[in-house]
Structures are given as C-alpha cells and as structure tokens.
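Because the structure is a prediction, the values reported are computed rather than measured. Computation of the quantities below employed the complete heavy-atom set of this structure, encompassing side-chain atoms and omitting hydrogens, waters and symmetry-equivalent molecules.
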Amino acid sequence: MPSLLATGIILLLLAIPAWAILTQTTSNPSSTIQRLLRKPGILAANTPQVRDTSEVVALHVYPIKSCRGLALPRTKLCKSGLELDRRWMVVDAETHVFLTIRQIAEMTLITTALSEDGEWLVISVPSSSATASATAPATVKKEITIPAHPSPTWLENNTTLSSRIKIWDTVTDGYVYGAEVNSVLSAFLARDVALVYKGPAPRILQGNGAARVLGRTQSTNFPDVHPVLIASEASVGELNARLAAQGEEPVGIERFRANIVVRGGRPWAEDSWKLVRISSSSSSSSSSSSQESDMGSERKERKERKERKELMLDIVARCARCQVPNVHPDTAQKHRTQPWDTLMKYRRVDEGMKYKPCFGMLSAPRNEGEIRVGMKFEVLEETNQHRYIKGF
C-alpha cells in the first residue's frame, strides 16, 4: 500500500510541470496537444492511411455522349463530373430518347475538339457513315461550332428547353438544338436526331449513388450512371496480355471511355477502392525544425494542404460493361467477340451484376478543383463490400 501511494505521488509531481507548460504557452491546452499529435512520427486520429499510390496519366472528356472525346492535360473536376463531360447527348428527334454507340456504332466517328481559347466546341461530322473502314477513318464533311459554355441568353435564342429528355429510366430536361445542327447529324446517322444540352434540373444519382447509400444528394449530366469513371493502365495491360495469348489484337484504354486513367500497380487492385485522393506532389519536407513553434507548424501544414489542392472521390461501384468496348473508336467496326468474351471469362466479379464483366470504377467527387495529368493518386480506404445496385 505505501508503495502504491508513493507511485501516485511521483506521477502527480511529474504531471504538474507538464500541465504548467501547456497552460503558459497557450490558453487552450487541448489544442496544443492536438498539434503535438500531428507532428511527424505521432499518429493523428483523423489522418487517413495511404494504402496505395499511383499517378494520373491521362484525362479524357467526352462532351457528346457516345461521340469521340478529348485528351486534356488539365481540366476542372466538378461534382457532376469532369468539366464539359457528357454535357451534350444525341436523342431521337421525335421521342427524345437517348442514342448511343450501342444502337449506332458510327457515333464514334463524330469527333469533338475545343477552340484554342476553349470557348467553342467544334463537332466534326464525317461525310458518310459508309466511308470508314478498318484501315481508313471517315473523311470530314462539315464542322459544327457551338459555344462550349452557352449562356442562358444564347440558349434561349438558339435552342428549345424540353422537359422530356429520356436517358435510361430517367426523364430529365435538356436544351434541344435547331435544324442547322440537327440536319448535319441526321444526314450522317441516317435517321432524324437532335442534339441536346443538359438543362438546369438536377439529374440526381441513383443506385450506388443514391443519397441513402452515398450519404449526400448529388447530380450529374448525361453519363450512364455516375459522374466519373476511373480506369487503370495496369488492368488494361493485363487484359491485353490475355488477348495476345489468344492471337487477338490489343485494345486501347479509350474503348472503355474512362475519364481518369491512372498508371496502376497490381492489375484489378481497383476492385476494392472505396475512397481516393488526387493531389499535387508535395516537395516540402515532412519534418519540422526543432526550433519551429507549434503555431508555425500548424500554419505550415495548412499551407501545404492548400497547395496540394486535394480532390477526394468516393468510389461507389464497379463499372459493369456492355459491348461498346468491342467497337473500334477509329473505324466504328465492331468485333464479333473481343474483348467482351475474354472479359466474361474472368471479370464477372460483382454479385450485383453477375451477367456482365467489370472494368473500371465509378465515382462521385466530394469536392471540386483543377485536375492535371501527373497528379498523385492515392487510395485511402478499401472495401470488399462493393455490390452493384441497379439505378439509372
């Protein structure tokens, strides 16, 4: 008993000087403790553990759904997707139901580009859907130039707002372009079609992106389901190795129409991603000078985080694939079996969509900001619970 009493007295005497130091250096001792915990080598409770690191190697934006896209060195990540991605869509002129490569493979021959100042979207339409072959892409007949960021006044004067634009099971709104644009597209696609620009009504995420699952209400433009598709070079490389072993030609990653392409390490590691972070590489030293004050360390940490411009994305689901990747983007020629058959042999990995193979991961950004090729890509959380929930 005396020894226990002596031990207690010693601990009390040791604690008093430490508490005195804290109270003299700050009016809020708990905040000082928190800053100390954030020092190198001391684990902070709210610091996520990086599970894997890679690099963004390509950014692809597809302004018109199912038409050819743009490879950009940088763009803006919005909560609705990459800026300009799937803002436009081709629909049947009468029913306003969306059309894609699934029904009209030749849509991939319609190319898009941005003017030098980024203010205009240039749509190049081939002379005829019959001119493309396995060796020669179709020739351009006409270019359509429209504002890349149309103002409300321009839309009012040049389009008609419709509230019955249908994409999958969802009816939303869109600005329908006039005959000057639609006649060129209709002539090439050999049917009456119309170009539409997403209207102001939010197209709320469903399925794995529904509020009850995601924890927030979020909207998008005209992608099939979710705002951003992420793919791995390592995984397409593994797929191509399997195709080569069968004597088949390799496929480019563009066939999968992903927005963000990362280098990747282990093929198919993306299956378990749950939360990822994209940021600029920080060249700052992670250690602090022993002479630097606690307040200085905190300011430095805040500054470094701001300079990194971290983008956070929730990985909501695997991307279950249709046969669009069988269509060669340069020629619109559809391979009878590949890569669909090969993927079906070993990529039916999602219990929620057993009859389709998976490639790439669907995501919903938590915040917005500039994204560039070369940025660091980090996996912060993983899960083995991904299960596709149907919802369009």
Side-chain angles (χ1 to χ4, degrees), residues 60-70 84-113 121-144 146 162 164-172 174-198 221-225 229 251-252 254-259 319-340 356 359 392:
H60 294 279
V61 172
Y62 299 88
I64 306 176
K65 186 177 182 68
S66 274
C67 296
R68 290 298 291 277
L70 320 168
L84 298 182
D85 189 63
R86 277 90 168 183
R87 289 303 304 265
W88 290 265
M89 183 168 71
V90 177
V91 300
D92 181 89
E94 182 178 349
T95 65
H96 286 183
V97 174
F98 79 120
L99 299 170
T100 72
I101 297 172
R102 298 174 183 88
Q103 302 102 327
I104 312 172
E106 289 77 15
M107 287 182 69
T108 188
L109 302 178
I110 300 172
T111 63
T112 55
L121 181 69
V122 181
I123 308 167
S124 299
V125 183
S127 57
S128 148
S129 59
T131 59
S133 68
T135 58
T139 57
V140 172
K141 175 184 178 181
K142 187 170 182 180
E143 288 187 347
I144 303 167
I146 57 177
S162 170
R164 60 183 188 91
I165 306 300
K166 187 170 185 182
I167 173 169
W168 295 109
D169 296 332
T170 301
V171 177
T172 186
Y175 294 96
V176 183
Y177 285 72
E180 185 178 356
V181 171
N182 296 337
S183 61
V184 179
L185 297 173
S186 297
F188 171 64
L189 298 175
R191 61 183 293 173
D192 290 336
V193 301
L195 183 69
V196 298
Y197 178 79
K198 181 67 187 78
N221 296 308
F222 289 138
D224 278 346
V225 280
L229 176 61
V251 296
E254 186 189 352
R255 292 204 188 197
F256 297 94
R257 302 179 71 82
N259 299 117
C319 185
R321 310 306 308 210
C322 61
Q323 293 196 26
V324 164
N326 283 26
V327 178
H328 196 297
D330 293 331
T331 65
Q333 303 295 313
K334 183 178 180 180
H335 195 286
R336 189 172 58 86
T337 59
Q338 299 296 349
W340 169 267
K356 285 189 175 183
F359 187 102
F392 297 99

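Between atom CD of residue Glu143 and atom CD1 of residue Ile123 there is a gap of 10.0 Å, rounded to the nearest 0.5 Å. Note that the CG atom of Leu121 and the CG atom of Leu70 stand 7.5 Å from one another [nearest 0.5 Å]. Asn221 CG to Arg86 CZ: the interatomic distance, rounded to the nearest 0.5 Å, is 10.5 Å. Between atom CG of residue Asp92 and atom CD1 of residue Ile165 there is a gap of 10.5 Å, rounded to the nearest 0.5 Å. Separating the CH2 atom in Trp340 from the NE2 atom in His335 is a distance of 15.0 Å, to the nearest 0.5 Å. The structure places CZ of Phe222 at 10.0 Å from OH of Tyr197, a figure rounded to the nearest 0.5 Å.
The two residues Val61 and Leu84 make their nearest non-hydrogen contact at CG1-C, 3.8 Å. Residue Pro63 comes nearest to Gly69 through the heavy atom pair CD-CA, 4.3 Å, listed as atom of the first residue, atom of the second, then distance. Cys319 and Leu229 make their closest contact through CB-CD1, 3.8 Å (heavy atoms, listed as atom of the first residue, atom of the second, distance). Closest heavy-atom contact between Glu106 and Ala332: CA-CB, 3.9 Å.
Two residues are said to be in side-chain contact when any heavy atoms from C-beta on lie closer than 4.5 Å; Val324 and Arg102 meet this criterion. For the pair Arg255 and Pro329, the minimum side-chain heavy-atom distance is below 4.5 Å. Side-chain contact check for Val196 versus His96: every heavy-atom pair is 4.5 Å or farther apart.
A side chain to side chain donor-acceptor pair (under 3.5 Å) with Thr172 is found for exactly one of Lys198, Lys166, Arg164, namely Lys198.
Formation of a donor-acceptor pair under 3.5 Å by the Ser124 side chain with backbone atoms of Thr111 is not found in this model. Judged by distance alone, with hydrogens and angles left aside, the side-chain atoms of Asp85 form a donor-acceptor pair with the main-chain N or O of Tyr62 at under 3.5 Å. Panel note: side chain Asn182, backbone Tyr177; a donor-acceptor pair is recorded below 3.5 Å.
With 3.5 Å as the limit, one finds a donor-acceptor pair spanning the side chains of Gln103 and Thr100.
With sequence neighbours excluded, the residues that form a salt bridge (charged side-chain N to carboxylate O under 4.0 Å, His left out) with Arg68 are Glu254, Asp330. With sequence neighbours excluded, the residues satisfying side-chain contact (heavy atoms from CB on, under 4.5 Å) with Val225 are Leu362, Tyr388, Phe392.
Using a 4.0 Å cut-off between charged side-chain N and carboxylate O, Arg257 and Asp224 make no salt bridge.
Classification of the Phe359-Phe256 ring pair by plane angle, with boundaries at 30° and 60°, yields parallel.
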